[in-house]
Each structure stands twice: as C-alpha cells, then as structure tokens.
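The structure presented is a predicted model; accordingly, all values stated were derived computationally and were not measured.
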Amino acid sequence: MSAVSSRLPVFPWDKLEPYKATAAAHPDGIVDLSVGTPVDSVPELIRKALVAAADSPGYPTVWGTAELRDALTGWVERRLGALDVAHTNVLPVLGSKELVAWLPTQLGLGPGDKVAYPRLAYPTYEVGARLARAEAVVYDDPRDLDPTGLKLLWLNSPSNPTGRVLAKDELIRIVAWAREHGVLVFSDECYLELGWEAEPVSVLHPDVCGGTYEGVVAVHSLSKRSNLAGYRAAFIAGDERVLGELLQIRKHGGMMTPAPVQAATIAALGDDVHVTEQRARYAARRAALRTALEAHGFRIEHSEASLYLWATRDEPCWDTVAHLAELGILVAPGDFYGTAGERFVRVAFTATDERVDAGVKRLA
C-alpha cells in the first residue's frame, strides 16, 4: 500500500515551531500574526441561530435546506451583483479548504491533466492537484499558459498571501481566454468583503461572465466575514452543470453541512451589520500594523485587500521571521506560498486589539 501522504509536500507550518517557541518566550507573551484565524466573537445573532437549530437529530442533506439555498442565491445576487441565480447554481461545502483540496479529485482529474494556480498562492491548490495525481502548474498571467491538458484554472482575488486584487478588466480577459480554450475557472473569492484600497469583483458579476455562468464557479467562505472559521461554513456558486456533478459525488461521499451550521449560515448571510462592524476592527488593526512595520523598515507591497500585509525588508524571509520572533512577534514566511515569496513575510492582522497594540509597541 502506497501512503497518499507521500504525494504531498511537508506541512509548512511545522517548520515555524522553533520560531514560535522563541516568540512565546517573550516576557509579555507572543503576538501571533502568522495564521489568519479569527479571534473575535461569533456575532450573537449567528450563535442564537445555531443554538435554535441544535435539536437536529436527523441527517442533513448535502444540498442543504431550501431556506439555505434561498440565502445563498439571495446573497450572491445582492452582494456579488450576479443575475438570475437559481438553486442549481449554489452548493454548500464543509469549509473552503476541503473544497480546494478535493476538487481536482471530485472533478475526475488525474495523470495527464493540469491544474493551474498563481505563482504566489495558498498551498492547498497544489495539494489538491497532487492528491489527484494531476500536474500542478503556476502562472503570473494565466493567459500565458499552454492550455493543452489544462482542466482547472484557480484564480484568487483578493489574494492570499499578497492581498492583490484582480481588476474587472483583467477578470474579463481571463474568463474569455479560459472559455476559448475549454478551461474550467474556479475563483477563490473568500476575502471579497475585505477590500481596503480596491473593490474586489466576482467572476459571477455580469460584466465579467457576460450573464452566463458557463465554465465559471466562485468559492466563498463565512470564516473571515463572520468569524465562522470554527463552523466550517462555505459554499460555491456558478455553473450548474459543474455543481450538479459535484452534488452527486458529494451525496455519495456524505459531505453534509451540519443542520445547525446551515441555520447559522442563513442568519449570517442575512445580516450586513456584523460584517461592517468586523471590517472596522480589521481596518484599525491593519492601519496600526502597517504604520508600525513601515516605521521599522518594512516595505508593504500589494495588500489592497484580505487580512494580511505582504511585507519585506529585502532579506531572506526566514531572517525576517527570526528577527521578529526575537521581538515576540510570529509571522508567516513568504516561501510558504511559493519561491517567489522568499524575501517576504505575510503579516496577519487577526490578533486581538491588545495583542496588536503589543506588537506595535515592540516594533517601535
């Protein structure tokens, strides 16, 4: 028996443990800006919806309740500007990471097929290709790719780790190119509601997709906008043929969003107030950390959106990680996201106000 794990790279976060220990030894404790995990409370109306649905003894369905699908289609139309979104155009998933990791396998990809993703990218795009035994290829501009054998094209705007936002005109050209060559586009838009210096646009916007969802699917998560990383609440929207096939596969696999989480998702998508409040918290933390990092000698690139600052001191990223660890601050090395990031670090502004203030003082 061949271990499937042998196909995968070394889990990157394990490499950070010695630096985490150094940062944790700081007299005032660690300021952990490495993993972008939410730390603020789940909004009360979402928790109430979860509790109210807690008595759910029966199996949920993979497609979710009609009420959930109404919430998903309504949000996609209202927030993304999409038109005529039907229930067949949406599908809940168990957190976006699960979807990214297993999508190539569920699409039936394998040896001889190619999966493309940005040169600087979330590592799970590569993991998904490797699990399916497909070939992983990276790009700076997807239109420069050889479309031969290319079956899946990942977009990520706003980007993790860089915070870069693809302009609408750029998205229009990419979608047109992909359709011309019969390449399926999956657009990871999990940070779309966290634009700071740019307004992110979805591939489902009619200006981008031309009012048809053929060959395009958007991936969305409630982890960032609603502090629901612990709930594993996410969904995809777009091409009904692709989603219909995935629905059938996921039914056989029992990939069901728990009923209380479905209820919480309905509540979360129906309320914009908590999103605005959370954005304000992140905006304040972002401004404080950016000012402190720049005063400390860092240069910030991109970072127009998302929950991260893409920062460099023009030195190897692990030197920067070590330097900040001595100050009790832990950040993610840029090479976690590809060799193009080897002189950058990713700084998350998801820590509490108190920890962010501590980090700012140490940088001073």
Side-chain angles (χ1 to χ4, degrees), residues 36-38 43 46 71-83 85 89-93 95-97 99-100 103 117-118 120-122 124-125 153-172 174-175 185-209 213 216-229 231-239 243 265 268-283 286 302-310 346 348-350:
T37 186
I46 300 174
L72 297 177
T73 57
W75 185 86
V76 168
E77 290 185 343
R78 176 172 57 85
R79 182 62 185 85
L80 306 184
L83 302 174
V85 183
N89 297 121
V90 295
L91 178 65
V93 297
S96 58
K97 184 170 186 176
L99 183 278
V100 173
L103 179 65
Y117 51 87
L120 278 168
Y122 181 50
T124 312
Y125 303 133
L153 173 64
W154 279 107
L155 304 181
N156 182 207
S157 175
S159 163
N160 174 15
T162 69
R164 181 190 172 204
V165 173
L166 295 175
K168 183 191 289 184
D169 288 348
E170 205 169 352
L171 286 171
I172 291 171
I174 292 169
V175 168
V185 174
F186 262 70
S187 180
D188 183 344
E189 303 173 354
C190 289
Y191 296 92
L192 183 134
E193 295 205 90
L194 294 164
W196 311 111
E197 297 166 10
E199 186 61 39
V201 179
S202 173
V203 292
L204 302 185
H205 191 284
D207 290 351
V208 176
C209 68
Y213 305 123
V216 294
V217 178
V219 181
H220 284 273
S221 167
L222 280 74
S223 294
K224 317 302 182 184
R225 71 184 294 280
S226 301
N227 302 336
L228 294 190
Y231 284 45
R232 311 315 300 137
F235 65 94
I236 55 179
D239 191 327
L243 269 60
T265 299
L269 292 178
D271 178 71
D272 292 333
V273 173
H274 77 277
V275 179
T276 301
E277 292 173 347
Q278 189 59 46
R279 274 181 55 88
R281 295 185 191 101
Y282 285 140
R286 177 182 184 272
H302 298 302
S303 307
E304 301 100 356
S306 82
L307 289 177
Y308 314 106
L309 294 168
W310 189 238
R346 193 194 74 171
F349 41 89
T350 53

A.B. asks: Carefully, step by step, assess Phe186 and Val100 under the rule side-chain contact (heavy atoms from CB on, under 4.5 Å).
C.D. replies: CA-CA 9 Å; Phe186 262 70; Val100 173; over 6 Å; no
A.B. asks: State the NE2-OG distance between His274 and Ser226, to the nearest 0.5 angstrom.
C.D. replies: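 One gets 3.0 Å once the value is rounded to the nearest 0.5 Å.
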A.B. asks: Mind checking salt bridge (Lys or Arg N to Asp or Glu O under 4.0 Å) for Asp207 and listing every partner two or more places apart, or none if nothing turns up?
C.D. replies: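 Expected list: Lys168.
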A.B. asks: I need the minimum non-hydrogen distance between Asp239 and Val217, along with the two atoms involved.
C.D. replies: N-CG2, 4.0 Å
A.B. asks: Determine whether Tyr213 and Val85 satisfy the following criterion, side-chain contact (heavy atoms from CB on, under 4.5 Å), listing intermediate values before the conclusion.
C.D. replies: CA-CA 9 Å; Tyr213 305 123; Val85 183; 3.7 Å; yes
A.B. asks: Do side-chain atoms of Ser303 reach the backbone of Trp310 as a donor and acceptor pair under 3.5 angstrom?
C.D. replies: yes
A.B. asks: For the residue pair Asp188 / Tyr117, report whether a side-chain donor-acceptor contact shorter than 3.5 Å exists.
C.D. replies: no
A.B. asks: Can you name the one residue among Ile236, Leu269, Leu91 that meets side chain to side chain contact (heavy atoms under 4.5 Å, CB included) with Leu72?
C.D. replies: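 Passing option: Leu269.
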A.B. asks: Rounded at 0.5 Å granularity, tell me how far CG in Leu166 sits from OG in Ser187.
C.D. replies: 7.5 Å
A.B. asks: For Val165 and Pro200, which heavy atoms make the closest approach, and how far apart are they?
C.D. replies: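 Shortest heavy-atom separation between Val165 and Pro200 comes out as CG1-CA, 3.8 Å.
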A.B. asks: I want to check something: taking the side chain as every heavy atom from C-beta on, are Lys224 and Leu192 in contact at a cut-off of under 4.5 Å?
C.D. replies: no
A.B. asks: Is a salt bridge present between Glu189 and Arg79, judged by a nitrogen-to-oxygen distance below 4.0 Å?
C.D. replies: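 Looking at Glu189 and Arg79, the cut-off is not met.
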A.B. asks: Taking Asp272 for its side chain and Thr276 for its backbone only, find out whether a donor-acceptor pair lies under 3.5 Å.
C.D. replies: no
A.B. asks: Is the closest side-chain heavy-atom distance between Leu194 and Pro158 below 4.5 Å?
C.D. replies: no
A.B. asks: Specify the closest pair of heavy atoms between Arg164 and Glu170, including all atoms of both residues, with the distance to one decimal.
C.D. replies: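 Taking every non-hydrogen atom into account, NH2-OE2, 2.9 Å.
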A.B. asks: Can you tell me which residue among Tyr191, Phe349, Trp196 is in a ring pair (Phe, Tyr, Trp, His ring centres under 6.0 Å) with Tyr308?
C.D. replies: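 Looking at Tyr191, Phe349, Trp196, the match for Tyr308 under the ring pair (Phe, Tyr, Trp, His ring centres under 6.0 Å) is Tyr191.
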A.B. asks: Which heavy atom of Leu155 sits nearest a heavy atom of Tyr125, and at what distance?
C.D. replies: O-OH, 4.4 Å
A.B. asks: Can you tell me how far the OG1 atom of Thr73 sits from the CZ atom of Arg78, to the nearest 0.5 Å?
C.D. replies: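 With rounding to 0.5 Å, OG1 (Thr73) is 11.0 Å from CZ (Arg78).
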A.B. asks: Looking only at non-hydrogen atoms, find the nearest pair between Leu243 and Gly238 and report the distance.
C.D. replies: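 Closest approach of Leu243 to Gly238: CD2-N, 4.0 Å.
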A.B. asks: Less than 4.5 Å apart, any side-chain heavy atom of Ser306 and any of Tyr282?
C.D. replies: no
A.B. asks: Run the salt bridge (Lys or Arg N to Asp or Glu O under 4.0 Å) test against Arg281 and tell me which residues pass, sequence neighbours left out.
C.D. replies: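 Salt bridge (Lys or Arg N to Asp or Glu O under 4.0 Å) list for Arg281, sorted by chain: empty.
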A.B. asks: Nearest 0.5 angstrom please: Arg232 CZ to Ser223 OG, how far?
C.D. replies: 5.0 Å
A.B. asks: Just by distance, do the side chain of Arg279 and the backbone of Gly195 share a donor-acceptor pair under 3.5 Å?
C.D. replies: yes
A.B. asks: Hey, mind stepping through Val219 and Trp154 against side-chain contact (heavy atoms from CB on, under 4.5 Å) and telling me if it holds?
C.D. replies: CA-CA 10 Å; Val219 181; Trp154 279 107; 4.0 Å; yes
A.B. asks: I'd like to know whether Leu171 forms a side-chain contact (heavy atoms from CB on, under 4.5 Å) with His205, so could you lay out the CA-CA distance, the side-chain angles of the two residues, the decisive distance to 0.1 Å, and finally the verdict.
C.D. replies: CA-CA 10 Å; Leu171 286 171; His205 191 284; over 6 Å; no
A.B. asks: To the nearest 0.5 Å, tell me how far Ile46 CD1 sits from Leu222 CG.
C.D. replies: 7.0 Å
A.B. asks: Compare every heavy atom of Ala348 with every heavy atom of Gly36, then report the nearest pair and how far apart it is.
C.D. replies: CA-CB, 4.0 Å
A.B. asks: Rounded at 0.5 Å granularity, tell me how far CZ in Arg346 sits from OG1 in Thr162.
C.D. replies: 11.0 Å
